[in-house]
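The next block holds one structure in the form of structure tokens; read it before the comments.
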Amino acid sequence: MENLLIYFLKVNGLIVLFYLMYVLFLRKETFFTSNRWYLISGLVLSLLLPLVTFTKTIWIEPEPIVYENVKPIIHSTFETIPVEETPFDWTLLVIGAYSAIVGLVLLKIGIELISFYKKIQKQNKQKEVDYTLVDSNSAENPFSFFSYIVINKEMFTEEELEHILTHESIHVKQKHSFDVLLGKVFCALFWANPIIWLYRKVMLQNLEFIADNETFQQIENKYLYQRTLLKVVTHQHNLSITNQFYQSLIKKRIVMLHTNQSDKKNVWKYATILPLLVGFMLLFQIETIAQVKENQQKSHVAKVEAIGFSWDKNATDEEMKSDAELLKNQGIDYKFSKVKRNKNGEIIAIKIEFNDGKGNKGVKEIKGDDPIEPIYFNAEEGRIGFTTEPDYSDYVIDEKLSKQFGTEIKVKMAKVIDDADYPTPPTPPTPPNHPFENLMDAPTPPDFPSVPDFPSNIDDKKAMEKYEKAMATFEKKMKAIEPKMKEFEKKMEVFEKEMKLKEPDMKKFEEEMKIFEQKMKVFEKEMEVYEKEIEKSSAEYYINGEKVSKEEVEKMQTDEIESINVRKNSSPNRIEIKKTEIKKNK
């Protein structure tokens, strides 16, 4: 739910960004077709960019001690957790209300589509090369929708009709109805964002600019075309899914018809959105992942295989919450509910539910008037659920794990690999020092004051006086900077000389780097051998076929050993020792 809300906010933010850049840089340009694709791309990219994420890996140092082949049991007693009523989820209500409005707006669009096709069904249709002309006496003003142009021929002269059909056929050929529907759908999905309605408005205006511009180039009587625009401005049409002849403000359209073509150099303005999109990706679309570096320490190596919990009649709120968090960290959703107590505060009823999201789930519920018996829960690979009381006879308390988890942890005896069992790793070569390592930093030039802007109106005396004062201040600041510039030039001379002196050192450094790279290749090969030895370094000890610990082997005297057989092909290595038989005196 939270991810959906974040995605929704990002999409709306990008829509606002594309709209503002259009208004600031592109609205007054005559690149109408390019503006059309900019506006469509803005909507599409607003949906797609929040779905694109890049990962950044941060390497962190591992814990100095890791456990392997150990089965810890967390044994704790808890008092009850109070019965909590599930609060009403207002988020679902808000999402439901928002979705309902989205549905109503989409339904309205659907009704308009049906209404349009029903309206033209019984009208006179005339098939042309690029469009189908629908002559409708009920049409108040001309409009087009995909391949249909609807017009009331009785309302216009032949020349006016020709102009209107030229205009509307451009909408049809360039499939402007797609833009209109796209804008409507986005308004339905993001109706709460006021900018999306303004965004759709500039999309529709730009479509009219495209049609007007191309029509103006094809017709001869340009004055009559402008009169035709004014003639239909008072008529209205209630289908918002269509390209209407009067669509945008007539004044803007006529102004655009007489606006000089924009200089091609101004196409750079389309690139102004790129730094902002890059900034958006860097700020919001980079996901940081922490990776633990491979631990090459060799002492007390172990791995947690199982984790167990228990609760009895004296369970406490804080302990139960703590255990629920521990299980959540293990990927198990654990809930306590319907807890009841007697006068002594002992639990007499409780309901426990768990779910690991992998198909393992269960419920345990106890009701009655007597205090509950202890409840045991075990979580290990392949087996998760409620269990009987475990046998702790062969478990010992592990102080380090107990400190880490904040409660007593008992562990089974496990094999521990000592430092001596590992081969010595190879030492990596040291890279040579770069000759520029101790070089002084390049000097920084002084900051120059900004030149005052020249007034746009030369006849404005106040503006000119203000400009002259600003220029006088600017000249004073420039004179003040002159000593700093001379100091900067001197430092640059020293810096350049030092750079030239380092040139022989750079050649020597390059030769040393080649030697270093060769040493690194040798080191990599040594590391491969070392890793293979690590795999074979662990061993199991057997005396007369019975498995024993390394400590027992070390206690043996040399005269007790008859033979030793090392099986290196097995994993781990198997060391078999045969004891000397003791001969009895006759």
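- Under a 3.5 Å cut-off, the side chain of K338 and the backbone N or O of K367 do not form any donor-acceptor pair.
- Between the side chain of S177 and the backbone N or O of F146, at least one donor-acceptor pair lies under 3.5 Å.
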Acceptor/donor pairs from residues 6-25 side chains to any protein atom, 3.5 angstrom cut, sequence neighbours excluded:
{"from": "Y7", "atom 1": "OH", "to": "L47", "atom 2": "O", "distance (Å)": "2.8"}
{"from": "K10", "atom 1": "NZ", "to": "F284", "atom 2": "O", "distance (Å)": "3.2"}
{"from": "K10", "atom 1": "NZ", "to": "Q285", "atom 2": "OE1", "distance (Å)": "2.6"}
{"from": "N12", "atom 1": "OD1", "to": "N193", "atom 2": "ND2", "distance (Å)": "3.0"}
{"from": "N12", "atom 1": "ND2", "to": "F8", "atom 2": "O", "distance (Å)": "2.8"}

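- Side-chain contact between R200 and L204 is present, with heavy atoms from C-beta onward closer than 4.5 Å.
- Side-chain contact between F143 and Y148 is absent, with no heavy atoms from C-beta onward closer than 4.5 Å.
- Tested against W311, the residues F336, Y376, F386 include a single ring pair (Phe, Tyr, Trp, His ring centres under 6.0 Å) partner, F336.
- Proximity of a side-chain donor or acceptor of N206 to a complementary backbone N or O of F32 within less than 3.5 Å is detected.
- A distance of 14.0 Å separates NZ in K28 from CG in N35, rounded to the nearest 0.5 Å.
- Nearest heavy atoms, P455 versus A463: CG-O, 3.7 Å.
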Would Y38 and F31 satisfy ring pair (Phe, Tyr, Trp, His ring centres under 6.0 Å), going step by step from the backbone distance to the final call? CA-CA 10 Å; Y38 169 88; F31 307 128; over 10 Å; no
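- Between the side chain of S169 and the backbone N or O of L165, at least one donor-acceptor pair lies under 3.5 Å.
- The two residues I149 and S144 make their nearest non-hydrogen contact at CG1-CB, 4.1 Å.
- Using a 4.5 Å heavy-atom threshold, the side chains of K153 and L161 count as touching.
- Distance check, rounded to the nearest 0.5 Å: CG of D212 to CZ of R253 gives 4.0 Å.
- Listed by chain and residue number, K269 satisfy the salt bridge (Lys or Arg N to Asp or Glu O under 4.0 Å) test with E29 (two or more places apart in sequence, or in another chain).
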Yes or no on side chain to side chain contact (heavy atoms under 4.5 Å, CB included) for E159 and N221, after CA distance, side-chain angles and deciding distance? CA-CA 9 Å; E159 194 171 3; N221 194 338; 3.3 Å; yes
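- Judged by distance alone, the side chain of K125 and the main-chain N or O of Q121 form a donor-acceptor pair under 3.5 Å.
- Dense packing is recorded around CG of D263, with more than 12 heavy atoms of other residues, nucleotides or ligands lying under 6.0 Å away.
- A donor-acceptor pair under 3.5 Å is absent between the side-chain atoms of S147 and the main chain of T132, judged by distance alone.
- Counting all heavy atoms, side chain and backbone alike, L106 lies closest to A188 at CD2-CB, 3.7 Å.
- We find the CG-CZ distance between L327 and F354 to be 10.0 Å, quoted to the nearest 0.5 Å.
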Criterion ring pair (Phe, Tyr, Trp, His ring centres under 6.0 Å) on H167 and H163, from CA distance to verdict: CA-CA 6 Å; H167 177 98; H163 290 174; over 10 Å; no
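- For the pair N213/Q261, a side-chain contact is recorded, criterion being any heavy-atom separation below 4.5 Å from C-beta on.
- Sparse packing is recorded around NZ of K264, with 12 or fewer heavy atoms of other residues, nucleotides or ligands lying under 6.0 Å away.
- The closest donor-acceptor contact from the side chain of Y98 to the backbone of L189 lies under 3.5 Å.
- For the pair Q123 and N137, the tightest heavy-atom approach, listed with the atom from each and the gap, is OE1-N, 4.4 Å.
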Give the intermediate values and the outcome of side chain to side chain contact (heavy atoms under 4.5 Å, CB included) for residues R36 and Q174. CA-CA 11 Å; R36 178 196 179 191; Q174 299 188 10; 3.9 Å; yes
Please assess I352 against K335 for the test side chain to side chain contact (heavy atoms under 4.5 Å, CB included), listing each intermediate value before the final yes or no. CA-CA 6 Å; I352 305 174; K335 295 180 181 178; over 6 Å; no
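- By the 4.5 Å heavy-atom criterion applied to side chains, K119 and V150 are not counted as neighbours.
- In this structure, D447 places its CG atom where only 12 or fewer heavy-atom neighbours from other residues, nucleotides or ligands lie under 6.0 Å away.
- For I372 against I366, the heavy-atom pair with the smallest separation is CG2-CG2, 3.8 Å.
- Here the CG atom belonging to L274 is positioned 7.5 Å from the OG1 atom belonging to T272, to the nearest 0.5 angstrom.
- Residue I170 comes nearest to A211 through the heavy atom pair CD1-O, 3.7 Å, listed as atom of the first residue, atom of the second, then distance.
- Between atom NE2 of residue H176 and atom CG of residue L182 there is a gap of 13.5 Å, rounded to the nearest 0.5 Å.
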Side chain to side chain contact (heavy atoms under 4.5 Å, CB included) for Q126 and D135? Distances and angles first, verdict last. CA-CA 8 Å; Q126 181 181 338; D135 186 8; over 6 Å; no
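- Atom CD of E365 is separated from atom OG of S337 by 7.5 Å, given to the nearest 0.5 angstrom.
- Residues that satisfy the salt bridge (Lys or Arg N to Asp or Glu O under 4.0 Å) test with K364, not counting sequence neighbours, are absent from this structure.
- Counting only heavy atoms from C-beta outward, the side chains of M155 and E160 never approach each other to under 4.5 Å.
- Within the 4.5 Å cutoff, side-chain heavy atoms of P371 are placed close to those of N342.
- Using a 4.5 Å heavy-atom threshold, the side chains of R227 and Y223 count as touching.
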